[in-house]
Amino acid sequence: MCGRTDGPRRCSRSCVDARIAPLSRHIFPHGLELVDAALGRGPTRSLVRVVVDTPQGDGRVKVDECAAVSRELGHGLDVSDLIDGAYTLEVTSPGVDRTLGREIDFERAVGRRVAVEAREPIDGRRRFKGELVAFDGVTATVRCEGQDLAVPFAAIERAKAFHPFDTPQKPKR
């Protein structure tokens with residue numbers, strides 16, 4: 001259900017809210033893919049957050065492309081009555097701290113610092129922060145506190161990879 005509508009897409013977990021997934025057909029014509037989508041409830045209105053990326057997964061999505069996708073998705077949401085009442089629609093690219101929603105995102109994040117949240121506890125915990133040391137399409141291996149922990153891809157609720165910013169050193173006087 002992720003991204004493309006012209007054939008099967010490599011995404012086996014339910015990274016996209018089932019109510020929003022049918023609208024991915026509005027994203028593909030823009031040369032983009034659906035990475036993640038979530039529907040949340042705010043105090044006065046619903047929040048629809050959609051993350052799109054290029055097929056290369058490089059995060060080079062222009063603001064104009066996000067705006068065009070937002071217009072089409074907004075129209076699609078209005079016509080389909082998928083959401084009751086008022087809502088706010090956010091369309092964004094994965095950004096520097098990337099959302100990891102597809103297998104290809106995890107494959108590209110190997111060697112980077114990640115935060116992974118599981119749907120159910122694994123070894124007594126749901127949240128894992130550390131280096132993504134391996135991903136085989138089925139399991140993400142995260143090195144936390146010196147220990148490698150296997151997290152099944154299908155059990156991942158959400159995940160992010162963080163950009164390794166180098167902290168500039170102050171010159172010594």
Side-chain angles (χ1 to χ4, degrees), residues 1-110 112-119 126-129 132 135 137 140 151 153-165:
M1 283 208 276
C2 288
R4 297 165 58 161
T5 58
D6 64 338
R9 184 69 191 140
R10 298 187 316 162
C11 188
S12 60
R13 70 184 180 90
S14 59
C15 61
V16 177
D17 188 296
R19 292 167 285 189
I20 300 166
L23 297 176
S24 66
R25 69 180 181 274
H26 297 290
I27 297 168
F28 186 63
H30 294 276
L32 301 172
E33 293 183 345
L34 181 61
V35 173
D36 197 11
L39 177 60
R41 204 75 171 117
T44 58
R45 54 183 36 212
S46 297
L47 173 64
V48 180
R49 183 171 290 133
V50 177
V51 181
V52 296
D53 200 359
T54 63
Q56 297 78 25
D58 57 14
R60 294 179 184 215
V61 180
K62 297 176 183 160
V63 173
D64 293 342
E65 293 171 323
C66 285
V69 168
S70 179
R71 281 189 296 275
E72 283 196 43
L73 280 177
H75 179 70
L77 287 169
D78 291 343
V79 170
S80 66
D81 282 334
L82 291 174
I83 300 169
D84 295 331
Y87 66 90
T88 299
L89 174 61
E90 292 180 4
V91 177
T92 184
S93 66
V96 176
D97 293 342
R98 297 186 62 88
T99 298
L100 304 177
R102 306 169 294 178
E103 285 98 334
I104 194 166
D105 300 324
F106 279 84
E107 290 167 5
R108 291 183 176 136
V110 170
R112 293 181 62 187
R113 183 163 166 68
V114 297
V116 176
E117 184 175 334
R119 288 188 176 93
R126 289 184 56 219
R127 292 181 180 88
F128 307 91
K129 284 188 180 180
L132 181 62
F135 181 73
V151 182
F153 182 69
I156 296 173
E157 178 71 28
R158 67 180 60 97
K160 275 192 177 285
F162 300 100
H163 185 72
F165 288 107

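Just so you know, these numbers use all the heavy atoms, side chains as well, and skip hydrogens, waters and symmetry mates.
The distance from the CG atom of Leu34 to the CG atom of Leu73 is 8.5 Å, given to the nearest 0.5 Å. The CD atom of Gln56 sits 9.0 Å away from the CD1 atom of Ile104 when rounded to the nearest 0.5 Å. Between Arg113 atom CZ and Leu132 atom CG the span is 12.0 Å, to the nearest 0.5 Å. Distance check: His75 NE2 to His26 NE2 gives 7.5 Å after rounding to the nearest 0.5 Å. The structure places CZ of Arg119 at 8.5 Å from CD1 of Ile156, a figure rounded to the nearest 0.5 Å. Here the straight-line distance linking atom CZ of Phe128 with atom CD of Glu117 works out to 10.0 Å at 0.5 Å rounding.
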Task: Steps toward side-chain contact (heavy atoms from CB on, under 4.5 Å) verdict (Arg98, Arg108) - done: CA-CA 11 Å; Arg98 297 186 62 88; Arg108 291 183 176 136; 5.8 Å; no
Task: Asp78 and Tyr87: CA distance, side-chain angles, deciding distance, side-chain contact (heavy atoms from CB on, under 4.5 Å) verdict - done: CA-CA 10 Å; Asp78 291 343; Tyr87 66 90; 2.7 Å; yes
TODO: Could you check Ile27 against Val50 for side-chain contact (heavy atoms from CB on, under 4.5 Å), going step by step and ending with a plain yes or no?
DONE: CA-CA 10 Å; Ile27 297 168; Val50 177; 4.2 Å; yes
Open item on the list: Before you tell me yes or no, could you show the steps for Thr92 and Val52 under side-chain contact (heavy atoms from CB on, under 4.5 Å), namely the whole-Å CA-CA distance, both residues' side-chain angles and the distance that decides it to 0.1 Å?
Closed with: CA-CA 6 Å; Thr92 184; Val52 296; over 6 Å; no
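The existence of a salt bridge linking Glu157 and Arg126 is excluded, since no basic side-chain nitrogen approaches an acidic carboxylate oxygen closer than 4.0 Å.
Between Ser93 and Val51 the shortest heavy-atom distance is C-CG1, 3.9 Å. The two residues Ala115 and Lys129 make their nearest non-hydrogen contact at CB-CG, 3.9 Å. Closest of all the heavy-atom pairs between Ser46 and Leu39 is CB-CD1, 4.1 Å. Here the shortest heavy-atom pairing between Val61 and Cys66 reads CG1-SG, 3.7 Å. Annotation for Phe106 and Ala159: closest pair CZ-CB, 3.7 Å, computed over non-hydrogen atoms. Residues Glu103 and Phe135 approach most closely at O-CE2, 3.7 Å, considering heavy atoms.
One N or O on the side chain of Asp53 and one on the backbone of Gly59 form a donor-acceptor pair closer than 3.5 Å.
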